[in-house]
Amino acid sequence: MSHDYKAVQWTPFKKRFDLWMLAGIILYLIGFIVVGEVTQPPGESIHPVQAVMRATGTLAFLLLTFILCIGPLARMTDRFKPFLYNRRHLGVTTFLIGLIHAALVMMWYHGFSETNPFVSLFISNPRYESLSGFPFEVLGFGALLIMFLMAATSHDFWNANLGPGVWKALHMGVYVAYALLIAHVALGAIQFEKSPAYVGLLVAGATSVFALHVGTGMMTLRGRDRPETDGWLKVANVTDMEDARAKIVRPAKGEAIAIFRDGDKVSAVSNVCRHQGGPLGEGRIVDGCITCPWHGFQYRMEDGQSPPPFTEKIATYATRIIDGVVYVNPEPNVPGTPQTPSQIGATS
Amino acid sequence: MSESTTNLFVTAIGIYFLIGFFVGLIYMFGGAGRIDPAAKGKGLPLRVRLLILPGTIGLWPIMLMKLFVQKEPPVS
Ligand code: HEM
Ligand code: FES
């Protein structure tokens, strides 16, 4: 739905979410620094700048770990849906915290020499051929660059103008960034001979991300709907279809399909909202239009087009009802193609 | 990497971002509206213009190309 761009589409919920997020961040930073100070072995001391550097580094890593877990968690339980809807703010915040960490490092370790700090970053440790001695800071730099691109393109304008392909590819970069960070922290811990707590942090973070993704991945594979002999997919009994609501079907390939019932009509459209990929099948029908649960974009049931003056289009699918059972053809029509709804009660 | 290659590399990154900054300015003041009708005039308050700047700095080769070939956002 074309509309004016806003800096942030605030809702009361988002404001509360961000306040909690901010409170959590401040608490973590203070807690980290205080605990670090108290558990410091006598005789050693780290500079406050180093303490903040470590606090922000670990926080950014933890936040990114959490962000990567949200997707799978939200598919297991609805309780994580709010985090899913607010991932954007979490992501941008994570980048900013990582940026503070990096800026402090650049200042503290590279800012006091004659050499340009960025040149110093790449050459102060030249052991590029070594595995355990590898200049781990360069890895952190790479991760930060990726996180920058993602944060910088998180606004709706980018979503709309880069096109879904480029945008998605860019944001899949988060996994590359995470891998770089794991190496960054692991090598950093080895080279600085840090406490085992860092190794614990790493192992716990990486394992949860990996296990959750493999877990939901297998769920998805098992949950693929198998076609009937002629390729159509069974959706549900008509009697099980709630009015103004949808059932979601996942074909072996292609996007998930949302099959809506509106009164005695049944139609199918892509489950993926054009705005930010919201799950249309979890929305409802309002004023005869399928309405996205995330930000309310609307599409007409019969042709998958947003009502004028809007111009979004999603794919439609053929449906049929045989013996009180609804079926859908998993071959999508070109987005915006009119498709006659199936009539409940009619013989077809 | 030797110091001189690194110098070259870092300078190249700097130049990349500098060009990006100028393309970003083009986008902030008119460019965005050219490729996206929703981003024309009042549709684009200053805060949003500022949000467009960093992304263009990073992705200016794509965005510069779009300025010439793209007539409408691919999604809307
Ligand atoms: C230009 C980018 C970066 C540079 C130059 C850099 C450099 C460093 C350095 C020198 C250390 C050791 C600090 C010390 O113990 O005194 C460190 C540690 C660490 N970094 Fe980074 N880093 C960068 C980006 C990142 C990013 C983006 C993240 C996370 C999102 C991150 C997470 C960590 C963590 C968790 C540690 C271990 C805790 C600590 O000692 O601070 N770093 N980094
Ligand atoms: S994802 Fe934003 S309205 Fe559907």
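Numbered from 1 within each chain, the chains take letters A, B, ... in sequence-line order.
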Enquirer: Looking at chain A, which one of B:Pro54, B:Gly55, B:Gly14, B:Gly58 has the largest number of heavy-atom pairs inside 4.5 Å, strictly under?
Expert: B:Gly55
Enquirer: Where on B:Ile52 is there a heavy atom nearer than 4.5 Å to chain A: the side chain, the backbone, both, or neither?
Expert: both
Enquirer: Would a line drawn from the ring center of B:Tyr27 to the ring center of B:Trp60 be shorter than 6.0 Å?
Expert: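 Centroid distance B:Tyr27-B:Trp60: not below 6.0 Å, so no.
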Enquirer: Salt bridge (Lys or Arg N to Asp or Glu O under 4.0 Å) between A:Asp303 and A:Arg300: does it pass, once the steps are laid out?
Expert: CA-CA 6 Å; A:Asp303 57 8; A:Arg300 285 195 299 246; 2.9 Å; yes
Enquirer: Verify, without hydrogens or angle tests, whether A:His155 (side chain) and B:Leu51 (backbone) share a donor-acceptor contact under 3.5 angstrom.
Expert: no
Enquirer: With a 4.5 angstrom heavy-atom cut-off, could you sort out which part of B:Thr56 is near chain A: side chain, backbone, both or neither?
Expert: both
Enquirer: Taking side chain as C-beta onward, heavy atoms only, is A:Leu64 less than 4.5 Å from A:Val174?
Expert: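 Yes - at least one pair of side-chain heavy atoms lies under 4.5 Å apart.
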